[in-house]
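Before any comments, here is the structure.
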There are 4 protein chains.
Amino acid sequence: MEKNFPPASRSFASDNNAGVHPEVLEAIADANRGHVVAYGDDAYTRSAIKKFEEHFGPDIAVFFTFNGTGANVLSLQSLTRPFHSVLCSAFAHIYVDECGAPEKLTGCKLIPLPHYEGKITLDSVHEAYHGIGDQHHSQPRVISITQTTEMGTVYKPEEIQALAHFAHEHEMFLHVDGARIANAAVSLGQNLRQATRDLGVDVLSFGGTKNGILGGEAVVFFRQELSRDFLFLRKQSMQLASKMRFIAVQFEALLSDNLWRKSAEHANRMAQLLEKEVSRIPQVRIVWPVEANGVFAQIPKQAIAKIQQEYFFYMWIEEESIVRWMCSFDTTEDDVRRFAEVVARAVKG
Amino acid sequence: MEKNFPPASRSFASDNNAGVHPEVLEAIADANRGHVVAYGDDAYTRSAIKKFEEHFGPDIAVFFTFNGTGANVLSLQSLTRPFHSVLCSAFAHIYVDECGAPEKLTGCKLIPLPHYEGKITLDSVHEAYHGIGDQHHSQPRVISITQTTEMGTVYKPEEIQALAHFAHEHEMFLHVDGARIANAAVSLGQNLRQATRDLGVDVLSFGGTKNGILGGEAVVFFRQELSRDFLFLRKQSMQLASKMRFIAVQFEALLSDNLWRKSAEHANRMAQLLEKEVSRIPQVRIVWPVEANGVFAQIPKQAIAKIQQEYFFYMWIEEESIVRWMCSFDTTEDDVRRFAEVVARAVKG
Amino acid sequence: MEKNFPPASRSFASDNNAGVHPEVLEAIADANRGHVVAYGDDAYTRSAIKKFEEHFGPDIAVFFTFNGTGANVLSLQSLTRPFHSVLCSAFAHIYVDECGAPEKLTGCKLIPLPHYEGKITLDSVHEAYHGIGDQHHSQPRVISITQTTEMGTVYKPEEIQALAHFAHEHEMFLHVDGARIANAAVSLGQNLRQATRDLGVDVLSFGGTKNGILGGEAVVFFRQELSRDFLFLRKQSMQLASKMRFIAVQFEALLSDNLWRKSAEHANRMAQLLEKEVSRIPQVRIVWPVEANGVFAQIPKQAIAKIQQEYFFYMWIEEESIVRWMCSFDTTEDDVRRFAEVVARAVKG
Amino acid sequence: MEKNFPPASRSFASDNNAGVHPEVLEAIADANRGHVVAYGDDAYTRSAIKKFEEHFGPDIAVFFTFNGTGANVLSLQSLTRPFHSVLCSAFAHIYVDECGAPEKLTGCKLIPLPHYEGKITLDSVHEAYHGIGDQHHSQPRVISITQTTEMGTVYKPEEIQALAHFAHEHEMFLHVDGARIANAAVSLGQNLRQATRDLGVDVLSFGGTKNGILGGEAVVFFRQELSRDFLFLRKQSMQLASKMRFIAVQFEALLSDNLWRKSAEHANRMAQLLEKEVSRIPQVRIVWPVEANGVFAQIPKQAIAKIQQEYFFYMWIEEESIVRWMCSFDTTEDDVRRFAEVVARAVKG
């Protein structure tokens, strides 16, 4: 390894800029023993799936993928045929940040809905639900929401239930992009099952990468029959890992000893602290409720470049000068305070 | 981690049943320092790409993917449009073992050619090259070969040169599925560049997973202009890792201190030993030259199940009772001898 | 033929509910002489293409397809790769009325833009043009407009020029869905070339079916190099007619003796008359300028079903009780007056 | 229309080089009365579908498409998901002559089987049926045969029954590309139902274009539930005609007064005559049984160009100097005799 890598530091750019939780890394090292059958037919994978059953209950189907795009697209592929449409927020990750992967892979149309603080409403779903049976129109088949949303907010349980209810009344499915489902569950004081299956969710993209694992994501079906073709779809969609054990054990670690919860709680708490610290700065306006591990702030345009000299982060809505700051499992209180100081200095000018 | 995993052992089922080389695992652990920008714009990734340039020369373009299917399909996507066809062996991994991923993702037709000991011949390519300019026919655009082949044999340099020459004379490209390119290079006494770029290869799927890394594969373009759209194709094809550094450092390790070569040499040597050991058994017939790390043998049908009680491995051609035994970086001489004994006992009856 | 077909009558539902212009039918019958080579390599097709050159000028490339969806999708396929996006009105036919064909066939994302009276504005294109070079975002590649628009309005020449200029400044293309381009040209007092090529349009879906032909559409490339792959794309997209001559001669007839113009002028004039007649009815509000052959009116909800007992037509925007009435080459003044009376009676009662 | 079109003449190039049967053209003209609803919801279309029920029996589902590729691909789309495979002859039209449309549109793999005189055998299907349940392999889902075959031969009823039986025993479907099903039925002395549905066929591409209609093809489902998604698939695959009546009435005419049978019988008889005439020429070898309307002959290479100076036709297997000569509904005995003379002169030298 080169000697000239920059000194280790932590930014607020994204929870996927963080590294790997030590317990996860240890699990990987522990699994590095001898040969095991590839492609998922191994004891490590079976054991990890059992862990999911402990959390989500029996009669589920669980599959690992390489990344979140893979989990989302495979969820949608399992639920649709190409003439279907998927209703989602106009700001949804699947709509704006996957370079058209859902459309290309499923052949479906994604219908962008207006959102309020990152959440789609039942009304907007209602309005988008039309043209049923009309051969000229893509047929609505899936409602897909992101929990925690792309604006750092968290759907309330009754909001999810209402969407699930609508979906099921209209022969549709409810999919949750749960890249940050742990942060949402923690925020709501729920366990993983309460935050998903018990609300009527049909399929969940269960995120790990943004909660401290090295790489991997899981698709969890709460109705097993929906997963009938998954193995083939996954392979054909290039999301089948040969050395599957090394993805499986990461999830085993994440779901053991409450690691998922502790990491998410910590990240959320750091975001609360960050909110508190930057709220003191008059030129900083928090634009959406800080309900999970992200803080979204409107700050003076000229301050942004200054802060970015020390900390990389993403512009979220350029025209409104809204930026995103994310906390992760390894963010420290010191990190937060130092960053808040840099922000304070920058906005003062 | 559960206590009840089976004792570590090594099979001859596949080189991807092996775990991770300790140096690779160490590189991963070393890279777990602080935050770095996601999706490949980081110092680790840049450093790993430099390593590729050390081996393959300047003016190349290198990209990491999650797996071999991803590397192959993205190579083909970069070289084709959907009305093109890809000429490959009827036994090629891309033709028979990827659940139709190349067809689904590229839209192209794969044309299966006859092979001799796993290799396609210039003659068969010649014969398949027709219908040029005819709107009813998919237009041949890529010749794709596997080096080391699916039969454990190795194309000779002049064979590759001839295919490359034909390709370039006919406005086609030569792609190499190099899941085991290291084993081939070692077998031919060549370095990586000599075994690929210098022979006229245009795009290489450079394999790591079967040579001791945890997971990841690289696509190497020897003509940079062919990679112009790769970033978008990779993201849309769901092969973009967020924590890219952890793939990059595996390749950095593999390409440092000759690890790639030492691992491949060892695996090849173990295959030679295995060949020698099982050749003594009269009922075992080695069916193709053992030129890399695989041994393909015809053995009595009733012996197969017996051996598989102790060692899992794959039937290769069922009708002819041909099986495949693979060696890997961690196979030991003892492993080989013990396995040969099991085979000997089983065939005796 | 069954005797019990309903008596011939003319509705205002759509210009594609009309039959075939007698001159077009005659051209088909005339072409029914002996055998000619299939798939377009025949004298009839070459002759029809020459007619296009008479109208649009030299150095174009012209291809026939079966229908408008085919022409639109093939235009887009010629201009894009799957990671591109196409900017169009949220009300565009390609966006809402083709059951996701453009997405499925091209793999691209269609980006819905707000529209004013059916037209997208340069501002909205500007706003949608972002994320350039960002691997997570589909890359804008085509601006696609419909001329005559889905609201019956007509882009002004300078509006099209501005969009073409923006497109070309940003390495994009301008595509026109010209299902009713004839009605627009007539409305603007332009010939076909002035209304398209001279304004900077790159590719035109040239409509025939809605202007009195039996079936068929043409794709006209104003830059021949963009059509390089068209023959293969058309065949692979299932839009290649074997008895091509019978599509070709329809266009030959349409483009001869000003038939295209006379038919479109007539349809437009009937729409003007219809506007005049129904404008007298106090409960009827014309919602968009009647610039071509369609009249869009807001009428009392309860009147709609009543009128539809005698005349089928389409609800255009249900929530606002806006309906669409189309005139065609064979609409008569009597038809218009009788229909206006029915409307008048219905809204009164 | 230009005056300089070549004089009407008839070749033996293909039955789709022929024009339109006068009764079909008359039906089109008769349907050109007033306005009817577009896209298939009209009395003409309903009436034509009833005609199909008269021939094939009740409880079928019938849909019109633009062409044979459309009919074939939509049949396959209805029966598959992208991870499936379709077993067909290596010489099948869907395999070699549709520029990869089936692969691009369905995402499936087409598996080429060896054929004997154009027919696949149960044995070859057996052999290709493997890897079931293996996630790495496309899963066999459809057997697709062409009747009349691409070699002019006709599957015997018991051969089709055996394939249907195998398909149904293995959760697969039997599709027939019936571009020339009329010629086959006539050859077998069967009616249309006996030649298809009664043998266990699940879905039929029912050809019209090669039997004297202007353009159009039909997909006939013998199990209605398989057609559930057809309307959407057809629209999305760009095969929905707006002025549907003009396709429908062509089939109405074809299926009335035995026109389908008379035309096919005539074409078959002309092929018999052609066979008889050319068989007298010593240098001409008929290579496959003449069972329908095509004659396949091996003739001296140097004669081919000579004959083609007067008559265009297709080389069928270039390496073996095998050519194809097709007869159609309008071929006359004089045509045949004159052509045979030209052949005789050419081969003599």
Decide side-chain contact (heavy atoms from CB on, under 4.5 Å) for L25(B) and I28(A); before the verdict, give the C-alpha distance in whole Å, the side-chain angles of both, and the deciding distance to 0.1 Å. CA-CA 9 Å; L25(B) 203 51; I28(A) 290 174; 3.9 Å; yes
Contact class of [X] relative to chain B, heavy atoms under 4.5 angstrom:
{"X": "R46(A)", "answer": "neither"}
{"X": "I247(A)", "answer": "neither"}
{"X": "L231(A)", "answer": "neither"}
{"X": "T65(A)", "answer": "neither"}
{"X": "D42(A)", "answer": "neither"}

Considering all heavy atoms of both residues, which atom of [X] and which atom of [Y] are nearest to each other, and what is their separation?
{"X": "K104(A)", "Y": "Q236(B)", "result": "CB-NE2, 3.4 Å"}
{"X": "K235(B)", "Y": "A101(A)", "result": "O-CB, 4.3 Å"}
{"X": "K243(A)", "Y": "L214(B)", "result": "CD-O, 3.4 Å"}
{"X": "N16(B)", "Y": "S242(A)", "result": "ND2-CB, 3.7 Å"}

Considering only heavy atoms, which portion of [X] lies under 4.5 Å from any heavy atom of chain A: side chain, backbone, both, or neither?
{"X": "A13(B)", "result": "neither"}
{"X": "L255(B)", "result": "neither"}
{"X": "F66(B)", "result": "both"}
{"X": "F232(B)", "result": "both"}
{"X": "S11(B)", "result": "both"}

Does any non-hydrogen side-chain atom of H35(A) lie less than 4.5 Å from one of D330(B)? yes
What do you reckon, is CZ of R228(B) surrounded by more than 12 foreign heavy atoms closer than 6.0 Å?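 No - once you tally the heavy atoms of other residues, nucleotides and ligands closer than 6.0 Å, there are 12 at most.
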If you round to the nearest 0.5 Å, how far is CG of N67(A) from CD of Q239(B)?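 Rounded to the nearest 0.5 Å, the CD-CG separation comes out at 7.5 Å.
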Out of S237(B), G215(B), C99(B), which one racks up the most heavy-atom pairs below 4.5 Å with chain A?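 Most heavy-atom pairs under 4.5 Å with chain A: C99(B).
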Heavy-atom pairs under 4.5 Å with chain A, option from A29(B), G100(B), S14(B) with the top count: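 Max contact count across the listed options: G100(B).
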